[in-house]
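To keep things clear, I will list the structure first and then write my remarks on it.
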Amino acid sequence: MGLEAWYMDGSDEDQRKPHRLNPNQPVTLDELKKLGVFYWKLNADIYESDPELEKIRKDQGYSYMDIITIQRDSLPNYEEKLKMFYEEHLHLDDEIRYILDGQAYFDIRDKEDRWIRIAMEKGDLITLPAGIYHRFTLDETDYTKAMRLFVGEPVWKAYNRPADDFDIRHNYVASLQGSRE
């Protein structure tokens, strides 16, 4: 099955729940692409030697990678980290994540500032463009193992909303104007 995404409800219920609108309003891969989000489905069982992953890394210039396991007993300051990941923010560089095991959600803002939830599972590789407002959380399984990829040295800095004065945010918003249909 391919990537699944949908518009979120406005509930303050547990962030790990799906938060689908009723009725559900799915979001297609083409709609995500118009927001600058790109997706690949890979075989996470062979990530250490996967020629498809190597090609993506080479083509995109992803020269640095590490692996993070997010679960209560292995991530120091687990609760604080989850809260931090779920704060709405942007980065000055693209965010690239590859789910090696488990599941998680990325939430992004669309052109009208509505939340879209992207369900990530084993084998999903996603890139979020620099300047897009987003957040991350686990689902109710409370576990994911992800590869983090970067162009050059990793930059861990997140800028919580509002961060509209950054050039990268202006560039991102301008790129959306060009993709209106």
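Residue numbers run from 1 in the order of the sequence given. All values derive from a computational prediction rather than experimental measurement.
In this structure, CG on D9 lies 9.0 Å from CZ on R117, to the nearest 0.5 angstrom. Atom-to-atom distance recorded for Q60:CD and K55:NZ is 9.0 Å, nearest 0.5 angstrom. Rounding to the nearest 0.5 Å places CG of L149 at 11.0 Å from CD of E95. With rounding to the nearest 0.5 angstrom, the CD atom of E121 is 10.0 Å from the CD1 atom of I99. Note that the NE2 atom of H19 and the CE atom of M8 stand 5.5 Å from one another [nearest 0.5 Å]. Within the model, atoms CD1 of I108 and CD of E88 stand 11.5 Å from one another, a figure rounded to the nearest 0.5 Å.
Classification of D124 and K41 as a salt-bridged pair holds, one side-chain N sitting under 4.0 Å from a carboxylate O. Contact check on K17 versus E140 returns a salt bridge, with a Lys/Arg side-chain nitrogen under 4.0 Å from an Asp/Glu carboxylate oxygen. The pair R72-E79 counts as a salt bridge, with a side-chain nitrogen and a carboxylate oxygen less than 4.0 angstrom apart.
A heavy-atom distance below 4.5 Å is not found between the side chains of Y39 and L32. By the 4.5 Å heavy-atom criterion applied to side chains, L75 and L82 are not counted as neighbours. Side-chain contact check for I118 versus L3: some heavy-atom pair is nearer than 4.5 Å. Side-chain contact between K81 and M84: present, with at least one pair of heavy atoms (C-beta onward) separated by less than 4.5 Å. Side-chain contact check for Q15 versus F85: every heavy-atom pair is 4.5 Å or farther apart.
Taking each heavy atom of G152 and S63 in turn, the nearest pair found is N-OG, 2.9 Å. Across every non-hydrogen atom of A130 and I168, the tightest pair is CB-CG1, 3.4 Å. Closest of all the heavy-atom pairs between I132 and Y172 is CD1-OH, 3.3 Å.
Every residue was checked against the side-chain contact (heavy atoms from CB on, under 4.5 Å) condition with K83, not counting sequence neighbours, and none meets it. For R16, the salt bridge (Lys or Arg N to Asp or Glu O under 4.0 Å) test picks out D14, D142, with sequence neighbours left out. Listed by chain and number, the residues in a side-chain contact (heavy atoms from CB on, under 4.5 Å) with D110 are Y7, L35, E112, R114, I116 (sequence neighbours excluded). By the salt bridge (Lys or Arg N to Asp or Glu O under 4.0 Å) test, D12 is found to be paired with no residue, residues two or more places apart in sequence or in another chain being considered.
Of the options L100, L125, D66, a side-chain contact (heavy atoms from CB on, under 4.5 Å) to M147 is made by L100 and by none of the others.
Relative orientation of the Y159 and F166 rings is tilted, given thresholds of 30° and 60° on the angle between their planes.
Between the side chain of H170 and the backbone N or O of D164, at least one donor-acceptor pair lies under 3.5 Å. Checked by atom type and distance alone, the side chain of T127 never pairs as donor or acceptor with a backbone atom of I96 at under 3.5 Å. Counting only distance, with no hydrogens or angles, the side chain of Y133 and the backbone of A163 share a donor-acceptor pair below 3.5 Å. Side chain of H134 to backbone of P129: no donor-acceptor contact under 3.5 angstrom is found. Put simply, the side chain of T144 gets close to the backbone of D101: a donor and an acceptor are under 3.5 Å apart. Between the side chain of H89 and the backbone N or O of R135 there is no donor-acceptor pair closer than 3.5 Å. Judged purely by atom type and a 3.5 angstrom limit, R97 has no side-chain atom pairing as donor or acceptor with the backbone of R148.
Hydrophobic clustering of Ile, Leu, Val, Met, Phe, Trp and Tyr side chains at less than 4.5 Å, counting indirect connections, keeps L90 apart from V155. In the hydrophobic clustering of this structure, V27 groups with F136; members are Ile, Leu, Val, Met, Phe, Trp, Tyr whose side-chain heavy atoms approach within less than 4.5 Å, directly or through other members. If you chain together hydrophobic residues whose side chains sit under 4.5 Å apart, L21 and F106 fall into the same group. Hydrophobic clustering of Ile, Leu, Val, Met, Phe, Trp and Tyr side chains at less than 4.5 Å, counting indirect connections, unites V151 with Y98. Hydrophobic clustering keeps Y78 apart from Y143 (ILVMFWY residues linked when any side-chain heavy atoms are closer than 4.5 Å, directly or through intermediates).
The other members of the hydrophobic cluster of Y105, by chain and number, are W6 (side-chain heavy atoms under 4.5 Å, ILVMFWY only).
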> Can you check side-chain contact (heavy atoms from CB on, under 4.5 Å) on L53 and W40, steps first, answer last?
Replying inline: CA-CA 9 Å; L53 176 60; W40 294 265; over 6 Å; no

For residues 42-50, tabulate all N or O donor-acceptor pairs below 3.5 Å that involve a side-chain atom, not counting sequence neighbours.
unit_1: N43; atom_1: OD1; unit_2: D45; atom_2: N; d: 3.0
unit_1: D45; atom_1: OD1; unit_2: K122; atom_2: NZ; d: 2.6
unit_1: D50; atom_1: OD1; unit_2: E52; atom_2: N; d: 2.9

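Atom CD of E80 sits in a crowded spot, with more than 12 heavy atoms from other residues, nucleotides or ligands closer than 6.0 Å.
Between T141 and D139, the side chains place a donor N or O and an acceptor N or O closer than 3.5 Å (distance only, hydrogens not considered).
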